[in-house]
Protein chains: 2
Amino acid sequence: MLFFNTYNHKTCGDSMNQRQQELLDRLNRTGRILIEEEAEHFGVTSMTIRRDLRFLEKNGLAVQTKNGAIPKPKIHAAPLNIAEDSAVKRKIAARLLEMIEPSSTVLLSTGTTTLTFARLLAQQNLPLTIITNSIPITSALFQTRIKVILIGGELRTNSLDLVGPAAEKYLSEYHIDLLVTGCDGADAQQGFYTSDLNLANLEKLSAKVSDKVIVITESRKFGRKALVKFAEIVDVDAIITDNRLKAIDRELITRNGVEIIVT
Amino acid sequence: MLFFNTYNHKTCGDSMNQRQQELLDRLNRTGRILIEEEAEHFGVTSMTIRRDLRFLEKNGLAVQTKNGAIPKPKIHAAPLNIAEDSAVKRKIAARLLEMIEPSSTVLLSTGTTTLTFARLLAQQNLPLTIITNSIPITSALFQTRIKVILIGGELRTNSLDLVGPAAEKYLSEYHIDLLVTGCDGADAQQGFYTSDLNLANLEKLSAKVSDKVIVITESRKFGRKALVKFAEIVDVDAIITDNRLKAIDRELITRNGVEIIVT
DNA sequence: GTTGTATGTGTTAAAAAATAACATTATTTG
DNA sequence: CAAATAATGTTATTTTTTAACACATACAAC
């Protein structure tokens with residue numbers, strides 16, 4: 001028989017009473033509770049339930065809504081929301097959607113623009129296989145007809161995605177019809193940039209195992225260079241961006257034989 | 001230059017106006033908006049903002065709260081909540097926490113009881129490395145001191161976890177201090193069961209690469225056998241369960257030299 | 001036993017928020 | 001342009017939430 005040491009890690013020091021425990025259970029089970037219903041169920045006044053909900057909210061376990069509460073959203077935390085899901089991105093995503101061939105295998109890289117696209121995909125009913133290294137994208141696509149394969153690796157906590165040698169090794173065994181990726185910076189002559197070295201390596205490999213490559217990005221990314229270049233302009237087959245792209249950039253790209261689509 | 005076909009996949013047919021678009025953007029950016037603030041920002045009455053929020057809620061993009069709204073939780077969807085996070089599980093998790101050695105590497109398998117434990121871990125400040133195949137567990141642990149490694153594989157949409165040959169291959173290269181896993185069924189003489197063949201294979205391999213194995217499970221799982229056995233009783237070093245475990249089961253387990261802890 | 005303190009709950013009145021119904025103003029459309 | 005339609009504003013009413021206090025219960029000290 002093995003021996004396990006015991007450690008005195010302090011457990012959450014609140015002191016929930018029995019009713020609050022059960023209230024939280026019911027909340028998590030149903031996804032939503034109503035004050036009046038719970039008051040009746042527990043045989044207490046609605047005021048008491050209100051106080052309980054206030055307590056749960058204070059402890060980060062629930063969010064109070066109109067006549068009740070919902071569980072505290074668990075993944076949808078701050079850093080991921082920044083600049084996410086703008087109208088510009090939704091337009092770009094809608095344009096990309098028209099170019100997706102049913103039943104194909106698409107590698108969808110991490111990023112907020114690709115995430116917007118994934119959310120759009122989730123509303124369609126396309127038969128597709130999506131390979132991704134992004135947890136938010138995976139989350140967006142679950143419970144759809146889409147088959148999802150998530151590349152494993154080390155978690156980057158800011159962007160909730162997976163990178164590193166393990167991810168590369170994993171990816172190297174696949175063959176992809178279409179790579180869709182965003183970028184942190186772009187230059188009409190130099191190519192595409194990202195701010196993470198690990199991610200850049202993964203992107204390079206992704207392009208290598210894919211038949212076609214499409215970059216989707218807001219035009220404001222052009223002119224900004226980030227830390228690491230991961231692709232030349234000529235490495236990609238098409239770029240989708242918004243209509244504020246400078247004419248000169250547009251011409252430079254076209255001259256390289258790369259299709260550029262503005263929304 | 002490549003040619004891309006265009007397909008007429010129908011895009012979400014709502015027709016949001018400009019203000020609603022921007023409202024949604026602001027909501028996603030900040031994680032929360034207040035009606036009065038937005039009314040002032042857009043130069044409209046609060047009534048108009050209320051109508052907008054009602055619209056966004058109807059379209060599944062937001063949830064109305066007290067004086068405003070939050071973005072619709074994106075991952076925290078129905079199937080995962082069932083029976084999750086009960087008081088019994090929280091007790092078991094708290095007991096397990098005491099046995100966790102700081103700075104160790106723990107393989108935390110998919111499951112609702114292990115998820116409860118992960119949520120508890122997230123509130124501590126322990127230096128740990130957690131390897132898991134569960135997206136909810138990964139989500140629970142991000143933005144903590146814990147280093148998280150997610151095993152890639154094919155997504156099981158009901159449980160939001162990753163299994164399959166790719167996952168096994170990925171795992172086989174690691175060495176683990178402690179495996180923590182749950183089960184779908186247990187028998188004091190026969191061992192532990194799960195209802196998915198792929199997962200069973202992964203569990204077997206997990207036990208093989210781990211120094212110690214702890215099973216955490218509600219006592220009601222005892223007596224239920226599920227589809228596939230993944231471990232014998234003697235394969236594990238300790239079992240943590242609640243105090244409603246039958247005396248006979250407890251004795252049978254102890255007789256096998258396995259430590260059993262009831263909360 | 002009483003007394004005091006703390007905690008939880010109920011009750012009520014007041015404040016705030018949400019709604020419905022209708023008036024008004026823009027926007028389309030023929 | 002005029003009619004029709006949609007969007008927004010206004011107001012009165014209803015509903016929800018809050019704050020403040022009253023009551024009860026439990027526990028400890030004396």
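Predicted model, so just to flag it, every value in this text is computed and none were measured. Order of the sequence lines fixes the chain letters, A, B, ..., with proteins taken first and strands second; residue numbering starts at 1 for each chain.
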(message) Please report the distance, rounded to the nearest Å, between CD1 in A:Ile35 and P in D:dT18.
(response) 8 Å
(message) How many whole angstroms separate atom CD of B:Glu36 from atom P of C:dA18?
(response) 9 Å
(message) I need the CZ-C1' distance between A:Arg50 and D:dT15, as an integer number of Å.
(response) 10 Å
In a table with atom names and distances, give each donor-acceptor pair under 3.5 Å that connects a side chain of residues 39-50 of chain B to protein atoms at least two apart or in another chain.
residue: B:His41; atom: NE2; partner: B:Arg26; partner atom: NH1; Å: 3.2

(request) Check the distance between C:dA18's P and A:Gln64's CD and give it to me in whole angstrom. (result) 13 Å
(message) Test of understanding: with salt bridge (Lys or Arg N to Asp or Glu O under 4.0 Å), list the residues that count as partners of A:Arg19, not counting sequence neighbours.
(response) A:Asp52
(message) Which residues pass the salt bridge (Lys or Arg N to Asp or Glu O under 4.0 Å) test with B:Arg250, not counting sequence neighbours?
(response) none
(message) If you assign B:Val44 and A:Thr65 each to the DNA chain D nucleotide with the nearest heavy atom, which residue ends up on the more 5' nucleotide?
(response) B:Val44
(message) Side chain of B:Thr48 only, heavy atoms from C-beta on: which candidate in D:dG9, C:dG10, D:dT16 is closest?
(response) D:dG9
(request) Take A:Gly68 and B:Arg19, find for each the nucleotide of DNA chain D with the closest heavy atom, and name the residue whose nucleotide sits nearer the 5' end. (result) B:Arg19
(message) Rounding to an integer number of Å, can you tell me how far A:Arg54 CZ sits from C:dG8 C1'?
(response) 14 Å
Scan nucleotides 12-15 of chain C against the protein and return all N/O pairs shorter than 3.5 Å with their distances rounded to 0.1 Å.
none

(request) Identify, with sequence neighbours excluded, every residue that meets salt bridge (Lys or Arg N to Asp or Glu O under 4.0 Å) alongside A:Lys147. (result) B:Glu154
(request) Nearest whole angstrom, please: distance from the C1' of C:dT7 to the CD of A:Gln20. (result) 12 Å
(request) Measure from the side-chain heavy atoms of A:Thr45 and tell me the nearest of C:dT19, D:dT10, C:dT11. (result) C:dT11
(request) Report yes or no: is there a donor-acceptor pair, N or O only, under 3.5 Å between the side chain of B:Arg51 and the base of D:dG9? (result) yes
(message) Tell me if the CZ atom of A:Arg244 is crowded by more than 12 foreign heavy atoms within 6.0 Å.
(response) no
(request) Using the test side chain to side chain donor-acceptor pair (under 3.5 Å), find all partners of A:Glu57 that sit at least two apart in sequence or belong to another chain. (result) none
(message) Treating A:Lys221 as the side-chain partner and A:Cys183 as the backbone partner, does any N or O pair qualify as donor plus acceptor under 3.5 Å?
(response) yes
(request) For A:Asn67 and D:dT18, give me the distance from atom CG to atom C1', rounded to whole Å. (result) 15 Å
(message) Rounded to whole Å, how long is the line connecting atom CG of A:Asn17 with atom C1' of C:dG8?
(response) 9 Å
